[in-house]
Structures are given as structure tokens and as C-alpha cells.
Amino acid sequence: MKMGAIAVIGAGKWGQALHFALSFNQECYITSRTKKNIKNFVDLDFALDCEYLVIAIPAQEIRAWLKQNFKFKGQKILVASKGIEADTGAFLNDIYSSFIPDENIGFISGPSFAAEVIKALPCALVINSVSKNIYEEYSKFFPNFIKTYYSSDVIGAEVAGAYKNVLAIASGICEGLELGKNAQASLIARGLVEMYRFGKHFGAKESSFLGLSGAGDLFLTANSTMSRNYRVGLGLAKNRTLKDILDDLGEVAEGVKTAFAIDKLSIQYDIYLPIAKEVKLILEGKNPKDSLKDLLNK
Ligand SMILES: NC(=O)C1=CN([C@@H]2O[C@H](COP(=O)(O)OP(=O)(O)OC[C@H]3O[C@@H](n4cnc5c(N)ncnc54)[C@H](OP(=O)(O)O)[C@@H]3O)[C@@H](O)[C@H]2O)C=CC1
Ligand SMILES: O=C(CO)COP(=O)(O)O
């Protein structure tokens with residue numbers, strides 16, 4: 001194994017932004033399914049042999065990707081994806097845990113549009129891991145325009161990062177229906193309560209929802225057309241088909257599949273999650289105006 005070497009896996013928007021940031025203090029490699037003209041682009045085998053691996057592929061692809069490609073030989077993994085597996089309702093940490101010991105895994109969370117990180121604009125991120133060593137080792141790699149914090153609340157970070165994408169869809173719908181800023185702020189605030197209710201069920205800490213991983217990322221994503229999930233919501237409010245919206249987007253909007261995962265878990269564990277439920281129903285074809293009536297009357 002190449003000790004000390006770092007590689008990003010997945011050269012999409014976030015992978016490329018992280019590669020840019022992680023190249024400030026050291027050489028950083030990057031790989032993807034499709035070969036790209038990026039400095040230090042390497043093949044997958046080269047990347048997998050690095051000690052530090054930052055994985056930035058869509059949540060729904062991770063299980064199959066790990067099964068097909070990954071062999072654990074002591075690598076330290078930083079998971080950059082935000083989503084919950086739709087088919088099973090599995091959290092990413094549980095998927096990774098069956099391939100890699102928990103002490104070797106960290107999760108990045110917090111407000112971080114790739115388009116701003118790749119311009120070296122300042123931001124603050126959380127590295128969540130059961131092992132503080134993972135935080136200490138990875139935080140050294142980040143450039144000085146990114147401030148990193150440590151948290152051991154892996155489930156809190158995961159829930160917040162995944163759930164805010166569903167709420168960003170809801171907020172985009174709110175904007176698309178021209179319901180006004182009062183309605184949008186109410187939706188986001190109740191959304192924060194809802195995502196904490198969900199997280200608490202799985203043992204997440206309240207502080208994660210009050211800080212960068214929860215409120216921070218939710219306020220960012222649910223207020224900006226820079227968010228892909230928000231733009232999905234805008235399209236749904238304008239009665240565009242989901243297929244049409246996603247074809248136009250050309251990038252992943254994790255909230256779509258995650259809405260189905262959350263709905264599955266809400267039924268399985270009997271957790272009251274009215275906003276996520278309506279997002280899932282709208283994705284299945286319910287008229288957003290009917291969802292609004294139902295939310296107001298619940
Ligand atoms: N964009 C952002 O601002 C942020 C994104 N994230 C999260 O990061 C994750 C990735 O997002 P983002 O980079 O923006 O998405 P993109 O759609 O831009 O890119 C997705 C990347 O995943 C790769 N990929 C897709 N399917 C597979 C597969 N089956 N096997 C291997 N690789 C695959 C693609 O490979 P290829 O290059 O070959 O097409 C591409 O590099 C998501 O979970 C997202 O929520 C988190 C924080 C910020
Ligand atoms: O997670 C993000 C910013 O923190 C990116 O959000 P979108 O995937 O909705 O663009």
C-alpha cells in the first residue's frame with residue numbers, strides 16, 4: 001500500500017472539488033469510472049492502493065461498488081456521499097461497516113456546495129468518526145480555507161446529510177408554488193424538527209442537528225438554486241415529470257431515492273415524518289398543491 005498517499009474516488013462535482021481542495025497541501029490522486037482530463041487522474045487499482053481514500057460516488061451505488069471493487073488492506077476511508085440506500089433503508093455507515101472496520105471510516109458533513117469549494121471560498125466541515133485519529137489525520141490534508149471540526153456522532157451526520165436533501169426538494173416545491181418566504185421558513189424549521197425526530201430514533205445527538213451538519217447544511221441547501229435537490233423541487237412544482245427533471249440535471253439528486261428510504265424506515269419504526277412522506281408521494285405523482293393542503297391540515 002502507498003503509505004501517506006491520498007486519492008479521491010468519483011470525479012463528479014464533489015469529488016473534483018475535494019480533489020482540488022486536497023491538492024493544496026499535498027499531491028492528491030483522483031479516479032472515476034470515466035477517464036477525465038484532470039491532474040493526477042489515475043486508474044482505479046492505483047487509487048485503491050493509497051492509504052487514504054475519499055469516496056464521492058452516489059449513495060445508491062456504494063454497496064455494489066464496494067462488492068465489485070474493494071478489498072480492505074488497512075485504508076482509511078472518508079465518505080463524502082449523502083444519502084440512505086432506497087432498496088433496504090440501510091445507512092451508509094452500515095454498508096461500509098461490512099467491508100471496513102469502523103475505526104477506519106469517517107464521514108464528511110456540513111454546508112459545502114462543490115461549486116464554491118472549487119473556487120477556494122471558505123467553509124467549515126465536520127469529520128465524523130468513532131476514531132478521533134481519522135479526524136486528526138484527515139484534517140491535516142485540508143487547505144486553510146476549509147475549517148474542520150470533529151464529531152463522533154456518525155449517525156447524526158449521516159441522517160442530517162441525507163435528510164436535508166429531501167427537505168431541499170420540499171423547499172424547492174414551496175418556492176416553485178410561490179407560497180412565500182413565511183411558508184418556506186416554516187417548512188425548513190419544521191423540517192429540522194422532523195429530521196432530528198428521525199435521527200433521535202437511531203441514536204443521533206441533538207447537537208449535530210443544531211450545528212453545521214444539520215441546520216448548517218439544511219439552511220444552505222433548502223435556500224438555493226445551487227442545490228440540485230432544490231431544483232428538483234422547483235421542477236416538480238411546475239408539473240414537470242421526474243424523468244425530465246433528472247435528465248436535465250445530469251447529476252445526482254440524492255434526495256429523490258433517499259425520500260423512499262426514509263419512508264420505508266418511517267413505516268418500519270413508526271416515526272411521524274409528514275414532510276418527507278409528502279415529498280415521497282409527490283415523487284410518485286401526487287399533486288404538490290394537494291400535499292400542501294394535507295400538510296396544513298395535519
Ligand atoms: N455536489 C456537491 O456540492 C456535494 C455533493 N455531495 C454528495 O457527494 C456525492 C456525489 O455527488 P456529486 O459528485 O455532486 O455527483 P455527480 O453526479 O456530479 O457525480 C457522481 C460521481 O459518481 C460516479 N459514479 C456514479 N455511479 C457510479 C458507479 N456505479 N460506480 C462508480 N462511480 C459511480 C460518477 O462517475 P463518472 O465520473 O464516471 O461519471 C461521478 O464521478 C452525493 O452523495 C452528493 O450528495 C456532498 C456534498 C456536496
Ligand atoms: O450537499 C450539498 C451541499 O452541502 C449539495 O447539495 P445538492 O446535492 O442538493 O446540490
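Remember, it's 1-based here, ligands and their atoms both numbered in the order they're listed.
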Check: Lys36 N/O within less than 3.5 Å of ligand 1 N/O: yes

Atoms of ligand 2, numbered as shown, that sit under 4.0 Å from any heavy atom of Leu220: 3 (C), 4 (O)

CD1-CD1 distance between Ile127 and Ile134, expressed to the nearest 0.5 angstrom: 9.0 Å

Numbered atoms and elements of ligand 1 in range of Thr34, under 4.0 angstrom, heavy atoms: 36 (P), 38 (O), 39 (O)

Close N or O approach (Lys82, ligand 2; < 3.5 Å): yes

Stacked cation flag Lys67 on Phe70, 6.0 angstrom / 45 deg: no

Which segment of Thr221 sits under 4.0 Å of ligand 2 when only heavy atoms are counted: side chain

N-O pairing of Asp290 and Lys286 below 4.0 Å: no

Gly10: numbered ligand 1 atoms lying under 4.0 Å from its heavy atoms: 41 (O)

Nearest-contact summary for atom 29 (N) of ligand 1 - protein heavy atom, Å: Glu61 OE1, 3.1 Å

Heavy atom of the protein closest to atom 33 (C) of ligand 1 (residue, atom name, distance): Arg33 NE, 3.6 Å

SB check Asp43 Lys35 (cutoff 4.0 Å): no

Those atoms of ligand 1 less than 4.0 Å from some heavy atom in Ala80: 6 (N), 7 (C), 8 (O), 46 (C)

Top protein contact for atom 48 (C) of ligand 1, by heavy-atom distance: Ser112 O, 3.1 Å

Atoms in ligand 2 with a heavy atom of Gly110 nearer than 4.0 Å: 4 (O)

Centroid separation Tyr52 to Phe141 less than 6.0 Å: yes

Test: Asp87 and Arg63 ion pair at under 4.0 Å: no

Ligand 2 contact by Ala253, heavy-atom criterion under 4.0 angstrom: no

Per atom 5 (C) of ligand 2, closest listed option by heavy atom (Lys164, Arg231, Glu254): Lys164

Per atom 19 (O) of ligand 1, closest listed option by heavy atom (Gly12, Gly250, Ala11): Gly12

Geometric cation-pi criterion, Lys2 with Phe46: 6.0 Å, 45°: yes

Result of checking Asp217, Asn229, Thr221 against Lys82 for side-chain hydrogen bond (donor to acceptor under 3.5 Å, both in side chains): Asp217

Ligand 1 contact by Gly83, heavy-atom criterion under 4.0 angstrom: no

Heavy-atom donor-acceptor pair, Glu85 side chain to Ala261 backbone, under 3.5 Å: no

Min N/O separation Val252 to ligand 1 under 3.5 Å: yes

Distance from atom 22 (O) of ligand 1 to nearest protein heavy atom, with residue and atom: Pro58 CD, 3.1 Å

Asp217: numbered ligand 2 atoms lying under 4.0 Å from its heavy atoms: 3 (C), 4 (O)

Atom indices of ligand 1 within 4.0 angstrom of Ser32 heavy atoms, with elements: 35 (O), 36 (P), 37 (O), 38 (O), 41 (O)

Shortest protein contact, atom 42 (C) of ligand 1 (heavy atom only): Glu254 OE2, 3.2 Å

Backbone or side-chain N or O of Asn165 under 3.5 Å from ligand 1 N or O: no

Which of the ligand 2 atoms, numbered from 1, are nearer than 4.0 Å to a heavy atom of Ser112: 3 (C), 4 (O)

Side-chain ion pair, Lys200 and Glu206, N-O less than 4.0 Å: no

Check: Phe113 N/O within less than 3.5 Å of ligand 1 N/O: no

Trp65 N/O under 3.5 Å from ligand 1 N/O: no

Closest protein heavy atom to atom 32 (N) of ligand 1, given as residue, atom name and distance to 0.1 Å: Ile57 CG2, 3.4 Å

Donor-acceptor pair between Tyr272 and Glu194 side chains, under 3.5 angstrom: no

Proximity flag Arg228 to ligand 1, non-hydrogen atoms under 4.0 Å: yes

Nearest-neighbour protein heavy atom for atom 3 (O) of ligand 1, which is reported as residue plus atom name and distance: Ala114 N, 2.8 Å

Exercise: do Tyr230 and Glu175 side chains pair donor with acceptor under 3.5 Å: yes

Atom 6 (N) of ligand 1: nearest protein contact (heavy atom, Å): Trp14 CD1, 3.3 Å

